[in-house]
Amino acid sequence: MSLYETFYTPAVVMNKTKVPDGVGGYVNSWSEGAEIKVAFTGLTPTERIAAQQSNVAYTDTIVTPENMALDEQDIFKTDGQLYRVVAKLPKTPSAASFQFERYNVSRLAALP
């Protein structure tokens with residue numbers, strides 16, 4: 001295991017399905033899906049202030065192993081906290097000695 005891999009924490013992608021509500025309609029039901037690995041890089045204090053002032057929809061940045069294939073609006077759970085993928089960031093810089101993917105995420109208080 002490489003040093004950078006020790007920073008990854010386990011997470012679970014949440015799957016949304018529609019189920020009958022018993023009175024003729026449907027409600028969202030959530031279940032745990034695929035396990036993934038994420039590492040939070042954190043925003044610098046300057047980036048946090050800039051995001052707050054411009055009302056940007058993300059609260060943090062995560063790094064995952066290459067080919068994790070998260071989509072915008074995917075929701076995942078780690079350490080009891082929920083996050084929604086806001087955007088995928090550009091590919092790994094060519095100077096990096098290993099491959100990874102980066103995503104902007106926002107923290108959720110509860111499942112939508």
Side-chain angles (χ1 to χ4, degrees):
M1 180 179 292
S2 302
L3 176 62
Y4 72 90
E5 291 175 321
T6 62
F7 293 105
Y8 288 133
T9 58
V12 177
V13 175
M14 301 300 293
N15 294 328
K16 180 173 97 171
T17 57
K18 301 280 187 187
V19 295
D21 64 2
V23 291
Y26 291 89
V27 294
N28 292 335
S29 175
W30 294 90
S31 61
E32 293 185 356
E35 291 187 14
I36 61 172
K37 297 177 186 177
V38 300
F40 287 85
T41 62
L43 296 175
T44 66
T46 304
E47 289 171 328
R48 266 190 214 284
I49 291 169
Q52 289 171 352
Q53 290 177 346
S54 63
N55 293 323
V56 173
Y58 63 87
T59 57
D60 216 329
T61 302
I62 62 166
V63 175
T64 66
E66 188 177 30
N67 299 323
M68 196 55 54
L70 291 174
D71 295 321
E72 287 187 16
Q73 304 303 313
D74 275 353
I75 295 175
F76 66 93
K77 179 171 67 172
T78 183
D79 293 331
Q81 183 62 53
L82 295 165
Y83 295 89
R84 180 191 318 257
V85 175
V86 176
K88 185 173 181 176
L89 297 173
K91 288 280 189 188
T92 305
S94 59
S97 62
F98 61 95
Q99 296 296 305
F100 57 88
E101 292 182 351
R102 298 181 307 148
Y103 300 88
N104 284 337
V105 297
S106 62
R107 184 177 289 151
L108 300 175
L111 288 168

Tabulate below the donor-acceptor pairs under 3.5 Å that side-chain atoms of residues 62-71 make, not counting sequence neighbours, or state none.
none

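In this structure E72 satisfies the side-chain hydrogen bond (donor to acceptor under 3.5 Å, both in side chains) test with no other residue, sequence neighbours excluded.
In this structure, K88 NZ and N104 CG are separated by 12.5 Å, a value rounded to the nearest 0.5 Å. Distance NZ/K16 to CD1/I75: 7.5 Å, rounded to 0.5 Å. Residue E35 holds its CD atom at 10.5 Å from OG1 of T78, rounded to the nearest 0.5 Å.
A continuous path of Ile, Leu, Val, Met, Phe, Trp and Tyr side chains, each step under 4.5 Å between heavy atoms, connects L82 with W30, placing both in one hydrophobic cluster. By the rule that hydrophobic residues join a cluster once side-chain heavy atoms approach within less than 4.5 Å of another member, L108 and V85 end up as members of separate clusters.
You'll find the side chain of Y103 stays beyond 4.5 Å of the side chain of D74, heavy atoms only. Residues M14 and E32 are in side-chain contact: their nearest non-hydrogen atoms beyond the backbone lie under 4.5 Å apart.
Of the possible donor and acceptor atoms, one in the side chain of D21 sits under 3.5 Å from a partner among the backbone N and O of V23. In this structure, T61 contributes its side chain and T41 its backbone to no donor-acceptor pair below 3.5 Å.
Counted within 6.0 Å of NZ on K77, heavy atoms from surrounding residues, nucleotides or ligands total 12 or fewer; the atom is thus considered open.
The minimum heavy-atom distance between N28 and P112, with the atom names listed, is ND2-O, 4.1 Å.
Pairs passing the ring-ring contact (aromatic ring centres under 6.0 Å, His included) check and including a residue from residues 59-90, sequence neighbours excluded, read F40-Y83, F76-Y83.
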